[in-house]
Protein chains: 2
Amino acid sequence: MSEDKIQDCKCEHNHLEFVDKVRHDMPAEEHLYDLADLFKVFGDTTRIKILYVLFESEMCVCDIADSLGMTQSAISHQLKVLKQSKLIGNKRDGKSIIYYLADDHVRTIIGMGMDHILE
Amino acid sequence: MSEDKIQDCKCEHNHLEFVDKVRHDMPAEEHLYDLADLFKVFGDTTRIKILYVLFESEMCVCDIADSLGMTQSAISHQLKVLKQSKLIGNKRDGKSIIYYLADDHVRTIIGMGMDHILE
DNA sequence: CTTTCATATGAATTGTTATTCATATGTTAT
DNA sequence: ATAACATATGAATAACAATTCATATGAAAG
């Protein structure tokens, strides 16, 4: 029995039949955390700007910083976050590290978001 | 001249030619904020769970809370956030308020996110 | 190998946000 | 009207995250 409710409203909708279905169809807790974490990465203006910069071209850290008028340190911290989420990659070129978009997934997700806020 | 750099690395890549292009193609600051705010909404496990619940069926607040084993208050606060972002809508039915997905945009965005973390 | 340049990182600070608790609002039924 | 129920909300607390500053790492050039 699904009697592990922490509260008990007495409303009589047809929703209760869905409770078990919800619990069955809900992705694993781990996936839900990963998913929220991924969107968190998109949920910061600085990181969004960095991604827009990389839409134009792969670029080294200092030029990204220059483009956005922000400090190298702030950008570097955020690049690390983007990299951890596998949204960007990097490679060395002489003294510089060049960052680039990992795949077109990023464009799609940001594009969908833009669609939503502009409609 | 774009000499409003706050720092000056001397790296000599071909990136500087992109700086002006970046500034031209970058969406308005306001849109970037709205976009980040939208993704922030997706960036919380509780809200993701609520959306997954609503994937199954429109539902009243107390049944959403029951489904997720969380308090009515916590759910209500998050429903407000989701509503403000126009991801969900609501309607009254007797004593209850029924919440539902605003459109299939939500499914698409979450779907894209899932694709990314599962690949 | 020493200096310079590009990037990364740790600690501290500040701002933001999710949840809880208590209570208010508003609807329905008696 | 009053009682019971469903939902919303404000204030407080606690956890988290973005930026800054100072400094460390690490490659390259002399």
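Every chain is numbered from 1, with letters handed out A, B, ... down the list of sequences. No experiment lies behind these values; they were computed from the predicted model shown.
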Atom pair distance, as rounded to whole Å: CZ in B:F39 and C1' in D:dA18: 19 Å

Check: B:L87 main-chain N/O paired with B:H105 side-chain donor or acceptor under 3.5 Å: no

side-chain N/O A:R92 vs C:dT7 OP1/OP2, d < 4.0 Å: no

Side chain of B:C62 - closest among D:dT7, D:dT9, C:dA11: D:dT7

Length of the line joining B:I48:CD1 and C:dA18:P, which is rounded to integer Å: 12 Å

Residue B:Q72, side-chain heavy atoms: nucleotide from D:dT7, C:dT7, C:dG10 that is nearest: D:dT7

Closest to the B:S76 side chain, choosing from D:dT9, D:dT19, C:dA18: D:dT9

Residues, nucleotides or ligands: over 12 heavy atoms within 6.0 Å of B:K86 NZ: no

Separation of atom CG in B:D44 from atom C1' in D:dC16, rounded to whole Å: 12 Å

Nearest-angstrom distance from the residue atom CE of A:M70 to C1' of D:dT20: 11 Å

Phosphate contact (D:dT20 OP1 or OP2) by A:T71 side-chain N/O below 4.0 Å: yes

B:H77 (side chain) and D:dT7 (base): donor-acceptor pair under 3.5 Å: no

Side chain of A:A74 - closest among D:dT20, C:dA8, C:dG26: D:dT20

Other residues, nucleotides, ligands: >12 heavy atoms within 6.0 Å of B:Y33 OH: no

Length of the NZ-C1' vector between A:K49 and D:dA18, whole Å: 13 Å

Check ion pair B:R23-A:E56 (N to O, under 4.0 angstrom): no

Rounded distance in Å - CD1 (A:I98) to C1' (D:dA27): 14 Å

A:M59/A:S67 under side chain to side chain contact (heavy atoms under 4.5 Å, CB included): CA gap, chis, key distance, verdict: CA-CA 10 Å; A:M59 206 174 290; A:S67 295; 4.0 Å; yes

Nearest-Å distance for atom pair CD1/P, residues A:I50 and C:dT7: 13 Å

A:D93 vs A:G43, nearer the 5' end of DNA chain D by closest nucleotide: A:G43

Distance below 4.0 Å between A:Q78 side-chain N/O and D:dT19 OP1 or OP2: yes

Rounded interatomic separation in angstrom, taking NZ from A:K80 and C1' from D:dT20: 16 Å

Selection from D:dA6, D:dA18, D:dT7 that lies nearest to any side-chain heavy atom of B:K95: D:dA6

OP1 or OP2 of D:dA8 under 4.0 Å from side-chain N/O of B:Y99: yes

Side chain of B:S73 (C-beta onward), nearest among D:dT7, D:dT9, D:dA22: D:dT9

